[in-house]
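The structure presented is a predicted model; accordingly, all values stated were derived computationally and were not measured.
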Amino acid sequence: MKNLDEVITLIPELHRDDLDRWIRDALIEAAQDSGSPTFSETQFARVRLICTLRYDMDVEEETLPVVLDLLDQLHDTRARLHTLSQAVLAQDEEVRAAVLDIVTEARRRRRG
């Protein structure tokens, strides 16, 4: 966990007003420790991502929620795919081969 001062020190381009607004707008989740916001490693990484989007890529403030939602969906989809892949790999060879056949056929149909 990192406190507010640590986050601002570790990300020099971060403006305190921006961070306060992102917390208020629920773009970032901050826990409270003695009345001061603290950030998990995941939320700290999210602050860095938002800074990159906002300051380096000039993503408009109003667009940030949409971009972050799409990135969250992509991350969730990747996690689900990883779980599914692990489940398939845990099956015997016959089941794995059947799944691979179905995936190959679906891919072939999509390509036309």
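The side-chain hydrogen bond (donor to acceptor under 3.5 Å, both in side chains) pairs that include a residue from residues 39-53 are K2-E41, R46-D72, where partners are two or more places apart or lie in different chains.
Closest non-hydrogen pair, L14 versus C51, comes out as CD1-SG, 3.7 Å. When all heavy atoms of P37 and Q32 are compared, the closest pair comes out as N-OE1, 3.8 Å. When all heavy atoms of V88 and R96 are compared, the pair lying nearest together is O-CG, 3.1 Å.
Within a 6.0 Å radius of CD in E61, more than 12 heavy atoms belonging to other residues, nucleotides or ligands are found. Applying the 6.0 Å contact sphere to CD of E94 captures no more than 12 heavy atoms from other residues, nucleotides or ligands.
The aromatic rings of Y55 and W22 sit tilted, their planes meeting at an angle between 30° and 60°.
Residues L81 and V95 fall into different hydrophobic clusters, defined by Ile, Leu, Val, Met, Phe, Trp and Tyr side chains chained together at heavy-atom separations under 4.5 Å. Linking Ile, Leu, Val, Met, Phe, Trp and Tyr whenever their side-chain heavy atoms come within less than 4.5 Å leaves V59 and V66 in two separate clusters.
Listed by chain and residue number, R16 satisfy the salt bridge (charged side-chain N to carboxylate O under 4.0 Å, His left out) test with D20 (two or more places apart in sequence, or in another chain). By the salt bridge (charged side-chain N to carboxylate O under 4.0 Å, His left out) test, R80 is found to be paired with D76, residues two or more places apart in sequence or in another chain being considered.
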>> Determine whether I11 and E13 satisfy the following criterion, side-chain contact (heavy atoms from CB on, under 4.5 Å), listing intermediate values before the conclusion.
In response: CA-CA 6 Å; I11 308 174; E13 68 272 18; 3.5 Å; yes
>> Is there a side-chain contact (heavy atoms from CB on, under 4.5 Å) between L70 and L74? Walk through the geometry before answering.
In response: CA-CA 6 Å; L70 291 171; L74 180 60; over 6 Å; no
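Atoms CG and OG1, on D5 and T9 in that order, are 6.0 Å from each other to the nearest 0.5 Å.
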